[in-house]
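Encoded as structure tokens, the structure appears first; notes follow it.
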Amino acid sequence: RFYWHRGVCYLRLNSVEEAKRAIRLWGQGLELAGEEFRVRVAKSTRSQKGPGKGAGKGEAEELAASTHDKGEEPDVVCLLCGDASHVLKSCKFQSRGLRISCSALEGKTLEEAKEEVSQTFKVLDAALVPDKARWHGRWLCLTMRNDSHVTALLNQAAGEGLEISGAAVSVEKLQPGKL
């Protein structure tokens with residue numbers, strides 16, 4: 001269900017798990033019909049007065065708390081640097097961002113995946129080692145050292161292709177709202 005209030009569309013999902021999934025997918029922005037939308041967990045601005053009020057948590061607070069308690073990231077963080085003060089759209093590293101997907105990386109820890117990617121990239125050029133890596137769903141988001149490394153990897157992927165352990169690698173420029 002959804003409703004509009006003062007120019008904001010509120011969406012009520014069926015479960016906390018569904019809400020977590022939606023925030024993971026759309027937390028960096030959602031592009032629809034050429035417009036960029038900001039997606040976040042709604043938080044009540046109503047004051048809770050009276051006996052027994054204000055002690056309990058609402059669903060939004062439970063979602064935020066459960067995400068934090070499990071060591072997951074807060075509602076919205078930058079995919080490249082992990083900073084909660086901004087999103088990808090305003091990150092100073094955005095031009096150096098790539099997202100990759102490869103079946104050979106599934107089930108790997110972040111460290112294992114970054115090492116496999118680094119070894120594959122080093123075969124092309126020893127300097128092509130990512131500075132940072134972060135999982136976002138099935139995508140591994142990488143921050144490369146400079147823009148020319150991003151261009152080199154995109155060209156390689158488009159031309160001859162890239163493989164990790166015999167599996168094809170999908171390489172794309174990381175862009176807000178395109179996750």
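Looking at W139 and S170, their side chains come closer than 4.5 Å, going by heavy atoms from C-beta outward. Using a 4.5 Å cut-off on side-chain heavy atoms (C-beta onward), L124 and L162 make contact. Side-chain atoms of F121 and H149, non-hydrogen and from C-beta on, never get closer than 4.5 Å to each other.
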Go through the steps for V169 and L105 under the test side chain to side chain contact (heavy atoms under 4.5 Å, CB included), then give the verdict. CA-CA 10 Å; V169 179; L105 299 177; over 6 Å; no
Checking S95 against D147 for the side chain to side chain contact (heavy atoms under 4.5 Å, CB included) test, could you report, in this order, the C-alpha distance in whole Å, the side-chain angles of both residues, the deciding distance, and whether it holds? CA-CA 6 Å; S95 67; D147 294 356; 2.8 Å; yes
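Here the NZ-CZ distance, from K132 to R145, works out to 13.0 Å after rounding to the nearest 0.5 Å. In this structure, the separation between OG1 on T120 and CD on E163 is 9.5 Å, given to the nearest 0.5 Å. Summarising the geometry, atom CD belonging to Q94 is positioned 8.0 Å from atom CD belonging to Q175; distances are rounded to the nearest 0.5 Å. Between the CG atom in L98 and the CD atom in E172 there is a gap of 9.5 Å [rounded to 0.5 Å]. The line from CZ of F93 to CG of L174 is 13.5 Å long, rounded to the nearest 0.5 Å. The CG atom of L80 lies 12.0 Å from the CZ atom of R99; values are rounded to the nearest 0.5 Å.
Across every non-hydrogen atom of A167 and S103, the tightest pair is CB-OG, 3.4 Å. Considering every non-hydrogen atom in both R96 and K173, the closest pair reads N-NZ, 4.1 Å. In terms of heavy atoms, I164 sits closest to A104 at O-CB, 3.3 Å.
Residues T143 and D131 bring no donor and acceptor atom of their side chains to less than 3.5 Å of each other.
Not counting sequence neighbours, S15 has no partner by the side-chain hydrogen bond (donor to acceptor under 3.5 Å, both in side chains) test. Every residue meeting the side chain to side chain contact (heavy atoms under 4.5 Å, CB included) condition with T151, not counting sequence neighbours, appears here in chain and number order: N155. Looking at residues two or more places apart in sequence or on another chain, you find no salt bridge (Lys or Arg N to Asp or Glu O under 4.0 Å) involving R138.
V171 and W135 fall within a single hydrophobic cluster, where Ile, Leu, Val, Met, Phe, Trp and Tyr are joined by side-chain heavy atoms under 4.5 Å apart, directly or via other members. Connection of L154 to V129 is not established within any shared hydrophobic cluster, with ILVMFWY side chains joined at heavy-atom distances below 4.5 Å, either directly or through further cluster members.
Between the side chain of S118 and the backbone N or O of K114 there is at least one donor-acceptor pair closer than 3.5 Å.
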